[in-house]
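A short write-up of the structure that comes next.
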Amino acid sequence: MSVSRMVGPRAVVLVAAAGLLASACGGAKVGESPSGAGSAAPAAKSCGALNLAINPWVGYEANAAVIAYVAEKRLGCQVTKKDLKEEVAWQGFATGEVDAVVENWGHADLKKKYIDDQKVALSLGPTGNKGVIGWYVPPWMAQKYPDITQWKNLDKYADLFKTSESGGKGQLLDGDPSFVTNDAALVKNLDLNYKVVYAGSEAALITGFRQAEAQKKPMIGYFYEPQWFLSEVKLVKVDLPAYTEGCDADAAKVACDYPPYELDKVVSKKFADAAGPAYQLVKNFTWTNDDQNLVAKYISEDKMSAADAAEKWVEANPDKVKAWLPAS
Amino acid sequence: MEGAPGLHPSNCEVTMTATSPAELSQPPTDEEPVILDVRNLWKVFGPRADRVAGTPLAELSRSELKERTGCVAAVRDASFAVRRGEVFVVMGLSGSGKSTLVRCLTRLVEPTAGEVLLDGQDIRLAGGKELRELRRRRFAMVFQHFGLLPHRRVLDNISYGLEIRGTGKDARGRRATEMLDLVGLTGYGDSYPDQLSGGMQQRVGLARALAVDPEVLFFDEPFSALDPLIRRDMQNEVIRLHREVGKTMIFITHDLSEALKLGDRILVMRDGLIVQTGTPDEVVGAPADDYVREFVRDVSRAQVLTLRWIMRPPGDGDALDGPELGPDVVIKDAVHTVLRADRPVRVTADGELLGVVGSAEILEVIAG
Amino acid sequence: MTATVVARRPVWSRPYLLGGILAAWILLWILFRGQATLPLGGAELTPLHERIGQAADAIDNSRNSNPLFLYFINYIRLFIDEFVTFVQALISRPSFGRPVPVIGWLGVVAVATAVALLYGNVRVALLTAAGFVSFGLLGLWEESMDTLALTLAAVLLSLAIGVPLGIWAGLSNRFNRLVGPVLDFMQTMPTFVYLAPLTLFFLIGPASATVATMVYAIPPAIRITAHAIREVPEATVEAGTSLGSTPWQLLRKVRLPLAKRTIVVGVNQTIMAALSMVTIAALIDAPGLGKTVLKALETLDVGTSFNAGLAIVIMAIVLDRATSAAGRRVETAHRAGRARGRLWRRVQVSVVLAVTAVLLYLSYVYVWAAEFPKEADIGSFVRKGADAASEWAQANLYVSTNGFKNLVTYGLLNPFEAVLTGSPWWLVLLVVTVTALVLATVRVAVVCAVCLALLVALGLWQDSMVTLASTLVATVLVMALGIVVGVWMGRDERADRVIRPVLDAGQTMPAFVYLVPILGLFGATRFTAILAAVVYAAPVATKLVADGIRGVAAGAVEAATAAGSSAWQTISKVQVPMARSAVTLAASQGLCYVLAMVVVGGLVGAGALGYDVVSGFSQLQLRGKGLAAGLAIVVLGTMLAAITKSAARRADAAAHGRP
Ligand SMILES: Nc1ncnc2c1ncn2[C@@H]1O[C@H](COP(=O)(O)OP(=O)(O)OP(=O)(O)O)[C@@H](O)[C@H]1O
Ligand SMILES: [Mg+2]
């Protein structure tokens, strides 16, 4: 109300003059010097935007961090990271909100829906990382109970894994609800005296295993490679009935191990059609499990920011990075 | 005198007695034309309220009706007429239906049945727009709890009625200032209502009502919320204003002394029914029933009644050469003359002898 | 005399009946244990789930063909997206080809402070300035601005819809009766539940987040506006009418000005509701502080979550104080302006505006005013401090916390859950229906029976029972805490003064924030979810109880004291019984809050329905099941609300001396 009343002219002049005086000795102007503004890069126009989905495990984050860093600093792209779970990220291909998923674990159903049926996405080939999913126990258990690594013997040890949450059975700890998992079906179909309990996140799994090893507490849980934590505590994988092609076709009837995964990159059709420098980068990107583990460790163990972790690795591996850059 | 009370069968009994003294004495404004004529007005609150008037249900008492139908008959078959320039007081105990009756007259409460004729036109037939025009130009109301707008200054409160009917800013400012002076609040125009005392707030309410220059002013217990001294001031104010602007006023009160002081005529209600309509001295001198009698019991009759009410036909032994007084002289004012004279005072009008009053009559009134 | 005897009998017999029901239940449980318990494994689906999943797919596929989407929903989405993006472009995101937002930190601080100063007072303005600067100092400037942008957008839209509807509800009894139950439903439905269906229509992103926030924030806007309009004294409205105002004039010149102060309270409530929801909306990728907290939850990073939680609490306090001050100002502002002279006010306003304009300009042009200086950082200290505290707690409190956890889990939760999940479904249905008959009315019993039957039909019986068990256990804990602390607060003015601000802070803190340290202490268990639910619900319940106790007539307490009652007798025989309706209300509110939080607990190991919902929006093949789980939560909530509401009505009647 009164705000809209006429402004006393004298006061305005006075204050404005004071303000301008202050700004005269003011420092760097926005957009004037790129270093000052931080992220303004000269090539911004030619690269454009890259909308990167971030799935909730640190290995993925490592891939994304390095790609984002290179895209921003070397190609001058405008990178937007979107924290999305896998399924949701794929949805983003259809709506144009997501350009790239840079570590995809299988997901035949999503591939069918978005790549084959809707034709809004396509695979850009492997990241170079080999994925393994399975049930793991801490090393001390594998030492003390050598036969525990055979699934047939699990029932023998079920009592060891009892907790307040497992209702009299052995507890099998799972991770984030969005992770690829057949565990509930496996327990049922292999007729094991276990109950799946969800830790809720990757971090909770790691904490669990770390405590189990340190305090020599029994624990069995879902885990996967590549994962930096495996270099800290060498978890031992339990052998489930061997994987055969198609044995996991029906999610409710699975009774075999997880398949070996060839992790790949998926991008939206729109992004691929534009074929800009960022597309070339994503397409060329490959690295090893060790590379990823290193960056992942920087992020989660050393608490570096994603950008700092990526910078550190990129500085140390100029050749690999060079191979990803679009030929120009 | 069309639409005079007492013509309607349903409240025949009570109103007949009420009208009889009226024939004795006509109110002073008798010659003025009727401005507001109310006929067989009903207001029933409750489910399917329109089934009551004009059916056997109408004969039931209020409590019986409530029990049978869940409806409350706030006003039952009311008929009366108000003359131009008159101060017409409506009185009755709490819940007797006064407010409802008066609100029916401006359709702040929608009547259930009956007619309300303003200069012969039934306002019940008025459409929304017409009704608003009526309220904007011809009626105005003063409320018990003032109903002022707390977010507006006094001046803006007073000019509200003008503002909503589209009067220009300057014109309404001028008019509001005039009204402010008229009600004796000069200098308070920029205050906010809650910075004023109750009496002053009601003056604002009065000024707001007067600002639109209405023909009829309605007052719903305007002074009940004020303390006695201020109330007296305000009553005098109304009397003064009535003298100055001469508006028709319909005034609700449950305070008998106020009614007697202000009213040219008084309408007494009980449980929605009109029990009596008459001048103050008629109400005091000839209460229509026990209800009214109870009402006026504590009134000092000497202050209200005129000689007309106590004079007796001259007897054989009366000396007819005592002082002469008119029939409308209030007893209180005659006491001195009557008691000092050693013979009865003659009551005369236009030279004709109507009766005589002696000390015995006077003393009877004063004693009780 | 006979009347009292008649009135007493049911009161005495009800406990016996309930005892009988319980005994019969246990007996039948022993007999039929494990039969017809309708379990459903994690990846298993019922045909219904598959059908819901297919329906969701159909919706997905029709997004660009169905006219409803093409001409309606997509436009709404685009409009909201644009709107939010625009606000973000102003204050939080690099935009218009600039490497920084249009308005830099200095400008935002200046505008916020100026608004607080002009509409509030100097103290609030200082608080606002300090609060906004602290976002930068905590190292969360951009996140805070995202949260602010989303909150502002949601609040503006909520008010744009809520205030007119509220006015309508204030004017029309019929409309008021119509919206009442809808608003009840919107407010009792756990927020978590409608996130997934919303994304189906509005996709992931700002639009869904905004709509979700609006669903939560509109009810207070409507309710309080309606209340404000109704509260306008009838006498004033009548006075306006008597002068011939049109309905529109009455509204604009009489009702709205008089209702303004209360409507501002509604604005305040709307803002607070929006702020709390915006953080939960992080689950569907709403940008801002909520996301930081959620991320911290995933990485078990106590420090980061505490840091971001602190920023959210600061923002809540600033917005709350600023709007409250504006509310107080509403009446006085005008007047003060008049009293001290218009000129003075005008000079004040112009100076404030001019300073703000200059600062805005600076923040547009100069880097130092645009980007919050990184060197000024206290966020890392806050993080380290919180980390250290939580590590200490985990290391040193383990024994006692674990003992407590085991006590509740083995002593209360497990037996309870065993009976609920181990009973055949028809037995539970029977027991609940009969109990409802005894405690409430036939209508409530029917509602309960229908709700339970629906749970069976949804194929999520066992998960529902697990969730129900946790909910009830948490509610028992909430009420135990609420009554003890509430009675204490109600009886002791000083305790009230100390505890109440803590409860207020507890209410404004977004739930995710305290999930993280609780998770650290107790691991991913149902107990973690229960404890979080207790933390979430206890403030409301406690305050209601305290107010109820305080509301007990002083005369009654005095009379009891005069009759020689001990403090305990006064509490147990006078104060608590007389505050019974408040206690019941506290229980029903508490239950609502608990259910909402127990479901969120699905994120941290509570499993059951909450987990189904989460996995539903993270795994395609489980989507139908997730949506069904959302429905199951609503059904559960409806059932519990029906029971508690009826109990509350009964307690209310009893408190007023009616049988
Ligand atoms: N809106 C309404 N709905 C239902 N009943 C009403 C309504 N307004 C008034 N009544 C009833 O009508 C009767 C008359 O009420 P009214 O207000 O006209 O009395 P009153 O004579 O003005 O009383 P008071 O001196 O207390 O102002 C009362 O019994 C009252 O309960
Ligand atoms: Mg009244």
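Lettering follows sequence order; numbering is per chain, from 1. Everything numeric in this text was worked out from a predicted model, so none of it was measured.
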Return the minimal non-hydrogen interatomic distance between [X] and [Y], and the atom names on each side.
{"X": "Tyr160(B)", "Y": "Ser245(C)", "answer": "OH-OG, 2.9 Å"}
{"X": "Ala239(C)", "Y": "Gly147(B)", "answer": "CB-O, 3.5 Å"}
{"X": "Leu243(C)", "Y": "Arg136(B)", "answer": "O-CG, 3.3 Å"}

Looking only at heavy atoms and a cut-off of under 4.5 Å, which of Arg103(B), Arg107(B), Gln144(B) has the most pairs with chain C? Arg103(B)
I need the residue from Arg208(B), Met141(B), Arg165(B), Glu133(B) with the largest number of non-hydrogen atom pairs under 4.5 Å to chain C.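 Option with the top pair count is Arg208(B).
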Name the option with the most non-hydrogen atom pairs under 4.5 Å to chain B; the candidates are Ala235(C), Pro233(C), Ser242(C). Ser242(C)
In Å and rounded to the nearest 0.5 Å, what is the [atom1] to [atom2] distance from [X] to [Y]?
{"X": "Glu234(C)", "Y": "His145(B)", "atom1": "CD", "atom2": "NE2", "value": "12.5 Å"}
{"X": "Arg252(C)", "Y": "Ile164(B)", "atom1": "CZ", "atom2": "CD1", "value": "11.5 Å"}
{"X": "Leu131(B)", "Y": "Thr241(C)", "atom1": "CG", "atom2": "OG1", "value": "10.0 Å"}
{"X": "His151(B)", "Y": "Thr236(C)", "atom1": "NE2", "atom2": "OG1", "value": "10.0 Å"}
{"X": "Lys253(C)", "Y": "Asp156(B)", "atom1": "NZ", "atom2": "CG", "value": "10.0 Å"}

Which atoms of [X] approach chain C - backbone, side chain, both or neither, heavy atom under 4.5 Å:
{"X": "Arg152(B)", "result": "side chain"}
{"X": "Arg137(B)", "result": "neither"}
{"X": "Leu134(B)", "result": "neither"}

Glu67(B) atom CD, neighbour heavy-atom count above 12 within 6.0 Å: no
